[in-house]
Structure formats: C-alpha cells, structure tokens
There are 2 protein chains.
Amino acid sequence: MPLKMRHNKAPKPPEPCMLTECMSVISGAWAPNVIWCLRAGPRRFSELRADIPPISAKVLSTRLSELEGRGVLVRHVRDTSPPSTEYELTDLGTELLPALDAIVHVGHRLKERQAERS
Amino acid sequence: MPLKMRHNKAPKPPEPCMLTECMSVISGAWAPNVIWCLRAGPRRFSELRADIPPISAKVLSTRLSELEGRGVLVRHVRDTSPPSTEYELTDLGTELLPALDAIVHVGHRLKERQAERS
DNA sequence: CCGTATCCACAGTGATACTG
DNA sequence: CAGTATCACTGTGGATACGG
C-alpha cells in the first residue's frame with residue numbers, strides 16, 4: 001500500500017499560480033495541434049487523427065474532452081448511419097490562434113539563431 | 001553529413017510535430033512564469049524564487065538553464081562579494097510576452113464563462 | 001547567495017485491444 | 001466511424017540535503 005507523505009499544500013494561490021492556471025487551457029500533449037488543426041473550420045475525429053499522425057486515439061479523445069470542458073471547442077454529434085462527430089472552435093478558442101502563431105513564430109527564429117551559432 | 005541518419009520511427013516529421021517543437025520553447029513547469037517575471041527587466045535568482053513561491057531551487061535552476069539554452073534569456077554573473085546573478089530576457093524572449101498575455105486573457109474569460117454556467 | 005546532487009512518487013503518455 | 005479499457009513505462013517535478 002502506498003504510503004502517503006502529505007506535506008504542506010500551498011495555502012494561498014498567489015499570482016504566479018494564476019498564470020499557470022490560465023496557461024493550462026493549452027496543456028496536455030498535442031493540445032495546441034488540435035486547436036491549430038481546427039483553425040479552418042469543423043473537423044471530424046478521424047480527420048484530426050490523420051492531421052496529427054503520432055497521436056493515439058486515447059490521447060486525442062482525452063484532449064478533445066478536456067478542451068470541450070474548458071470551452072475551447074464544441075462537439076457536434078451527427079446521428080447518421082455511419083456515426084460522425086464534428087469538433088469546432090468556439091469564439092474564445094479561435095482567439096487562441098494568434099497567440100499560438102506568435103509563439104511558433106518566435107520558436108522558429110530561435111531555432112534559426114541557434115543554427116547560426118553552431 | 002557523413003553521419004548516418006536514423007530511421008527508427010517517424011519517417012518524416014510532419015507539420016504537427018513542428019508546431020509541437022516550437023511550442024516547447026515555453027515547456028516545463030513554471031517556464032511561462034519565469035518569462036513573465038522577467039518582463040520588467042533583469043532579475044536575480046532569489047528574486048525569482050520569491051516571485052514564484054511554489055517553485056523549488058532545483059526546478060528554477062533547471063528552467064533557467066533550459067531557457068538560456070533556447071535563447072529566451074541570458075545570464076549575467078556579477079562577481080561581487082556576495083555572489084549575484086541576473087537573468088534577463090533576450091529580444092526574442094521579450095516577443096513571447098504578448099503571446100503569453102493573450103493566452104492568459106482568453107483563459108480568464110473562459111473561466112468567467114464557466115462560472116456563469118454553474 | 002547561488003546553485004547542484006540524490007532519491008522517488010506520480011501524472012501523463014503510448015501501445016494494444018476491444019466495443020457501440 | 002468514434003471512441004473506451006487496460007497496462008506498462010518514463011519524464012518530470014518536489015523534497016531534502018549539501019557544496020562553491
């Protein structure tokens with residue numbers, strides 16, 4: 001049986017934790033990718049899997065569920081003969097796109113700069 | 001390049017992996033906080049520890065080292081009688097600030113919206 | 001004051017297989 | 001097609017103690 005060594009838990013949530021909490025809207029493996037792949041409009045489960053080859057069904061499912069719970073995207077179930085589901089960014093989810101783009105842009109330039117130095 | 005290439009896994013790194021790689025500039029616990037705390041100018045090790053109470057010395061040290069390696073910040077060692085070190089954002093590191101701010105802003109509004117629904 | 005060293009619990013991920 | 005169930009593994013972070 002696992003021995004629980006409970007120590008002091010942060011009694012007060014200071015500002016840094018607030019930032020961390022807000023950043024968690026894009027937390028989890030492939031979360032930014034999922035958001036990014038929805039930038040052009042609604043997309044189905046299997047399409048997202050194809051968009052992001054390395055992702056497993058389990059992780060994609062988990063991530064979509066989390067992002068839906070956070071209000072970043074919405075799920076539309078179409079009750080057709082072959083079951084079909086569509087995921088779409090909400091208005092606030094869409095607002096994350098420029099931010100992700102900015103980070104990626106800086107990331108590119110950092111890599112270029114590192115390549116120069118080597 | 002005389003070195004042999006490895007073919008163990010992913011035959012070619014598709015676009016989604018590129019995005020993930022770029023996003024990794026802000027990866028690691030408290031990394032966004034560290035960047036954020038440097039927004040107003042240089043800051044010392046112990047100051048950063050005080051800014052972000054829950055962070056441990058080990059993690060702060062690791063994170064600063066990683067961020068320096070990525071070119072996000074620079075380290076200045078002052079050889080004074082009490083040893084002193086200052087960390088400062090580079091120009092590219094500074095460019096991350098608006099992006100972090102945007103994400104945090106959306107995060108806030110997502111939380112507000114969730115509060116309304118409950 | 002500014003870190004590094006060591007240990008370890010655990011969340012998170014990935015692979016595989018299975019179901020409605 | 002669109003997911004869940006199970007399980008094994010490992011990176012990461014936290015605590016603590018020590019060193020330059």
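Throughout, protein chains are lettered first and strands after them, A, B, ... in sequence-line order, and every chain is numbered starting at 1.
- Contact between the side-chain N/O atoms of A/Arg75 and the OP1/OP2 oxygens of D/dG3 is found at a separation under 4.0 Å.
- Judged as a side-chain contact (heavy atoms from CB on, under 4.5 Å), and not counting sequence neighbours, the contacts of B/Glu68 are B/Leu73, B/Arg75.
- By the side-chain contact (heavy atoms from CB on, under 4.5 Å) test, A/Ser56 is found to be paired with A/Lys58, A/Val59, residues two or more places apart in sequence or in another chain being considered.
- Within the 4.0 Å cut-off from OP1 or OP2 of D/dT16, not a single side-chain nitrogen or oxygen of B/Ser56 is found.
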Show the atom names and distances, to 0.1 Å, of all donor-acceptor pairs under 3.5 Å that link a side chain in residues 37-44 of chain B to residues at least two apart or in another chain.
| unit_1 | atom_1 | unit_2 | atom_2 | d |
| --- | --- | --- | --- | --- |
| B/Arg39 | NE | B/Trp36 | O | 2.7 |
| B/Arg43 | NE | B/Asp51 | OD2 | 2.6 |
| B/Arg43 | NH2 | B/Asp51 | OD1 | 3.2 |

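- With sequence neighbours excluded, the residues that form a side-chain hydrogen bond (donor to acceptor under 3.5 Å, both in side chains) with B/Asp91 are A/Arg113.
- Side-chain proximity of B/Val59 to D/dA2, C/dG3, D/dG13: nearest is D/dG13.
- Between B/Tyr87 and C/dC2, a side-chain N or O to OP1/OP2 separation shorter than 4.0 Å is absent.
- Screening residues 99-110 of chain A for side-chain hydrogen bond (donor to acceptor under 3.5 Å, both in side chains) gives A/Arg109-B/Glu95 as the qualifying pairs, with residues at least two apart or on separate chains.
- One atom, CD of A/Glu68, and another, C1' of D/dG3, lie 14 Å apart when rounded to the nearest Å.
- Rounding to whole angstrom units, CD of residue B/Glu86 and P of C/dC1 are separated by 14 Å.
- Within residues 29-44 of chain A, the residues approaching DNA chain C are A/Ala29, A/Trp30, by heavy-atom distance under 4.0 Å.
- Within the structure, every side-chain polar atom (N or O) of A/Arg78 is placed at least 4.0 Å from both OP1 and OP2 of D/dA2.
- Listed by first residue number, the stems of DNA chain D with at least three Watson-Crick or G-U pairs below 3.5 Å are C:3-20 with D:1-18.
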Quiz: residues 18-28 of chain B side-chain donor-acceptor pairs under 3.5 angstrom, not counting sequence neighbours:
| unit_1 | atom_1 | unit_2 | atom_2 | d |
| --- | --- | --- | --- | --- |
| B/Thr20 | OG1 | A/Asn33 | ND2 | 2.7 |
| B/Thr20 | OG1 | B/Pro16 | O | 3.1 |
| B/Glu21 | OE2 | A/Lys111 | NZ | 2.9 |
| B/Ser24 | OG | B/Glu21 | O | 2.5 |
| B/Ser27 | OG | B/Ser24 | O | 2.9 |
| B/Ser27 | OG | B/Arg70 | NH2 | 3.4 |

Could you list the protein-to-nucleotides 4-10 of chain D atom pairs, N/O on both sides, closer than 3.5 Å?
| unit_1 | atom_1 | unit_2 | atom_2 | d |
| --- | --- | --- | --- | --- |
| D/dT4 | OP2 | A/Ser61 | OG | 2.7 |

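- Per the geometry, CD1 belonging to A/Ile55 stands 15 Å off P belonging to C/dG12, to the nearest Å.
- Looking at residues two or more places apart in sequence or on another chain, you find no side-chain contact (heavy atoms from CB on, under 4.5 Å) involving B/Ser65.
- For D/dC1, the OP1/OP2 oxygens have no side-chain nitrogen or oxygen of A/Ser84 closer than 4.0 Å.
- Here the P atom of nucleotide C/dA5 and the CG atom of B/Leu60 are 16 Å apart, to the nearest Å.
- Here the straight-line distance linking atom CZ of B/Phe45 with atom OG of B/Ser84 works out to 12.5 Å at 0.5 Å rounding.
- For B/Arg49 and C/dG3, the shortest distance from a side-chain N or O to OP1 or OP2 is not below 4.0 Å.
- Taking atom CG of residue B/Leu48 and atom C1' of nucleotide C/dC1, one finds them 14 Å apart after rounding to whole Å.
- With sequence neighbours left out, the side-chain contact (heavy atoms from CB on, under 4.5 Å) criterion links A/Arg117 to A/Gln114.
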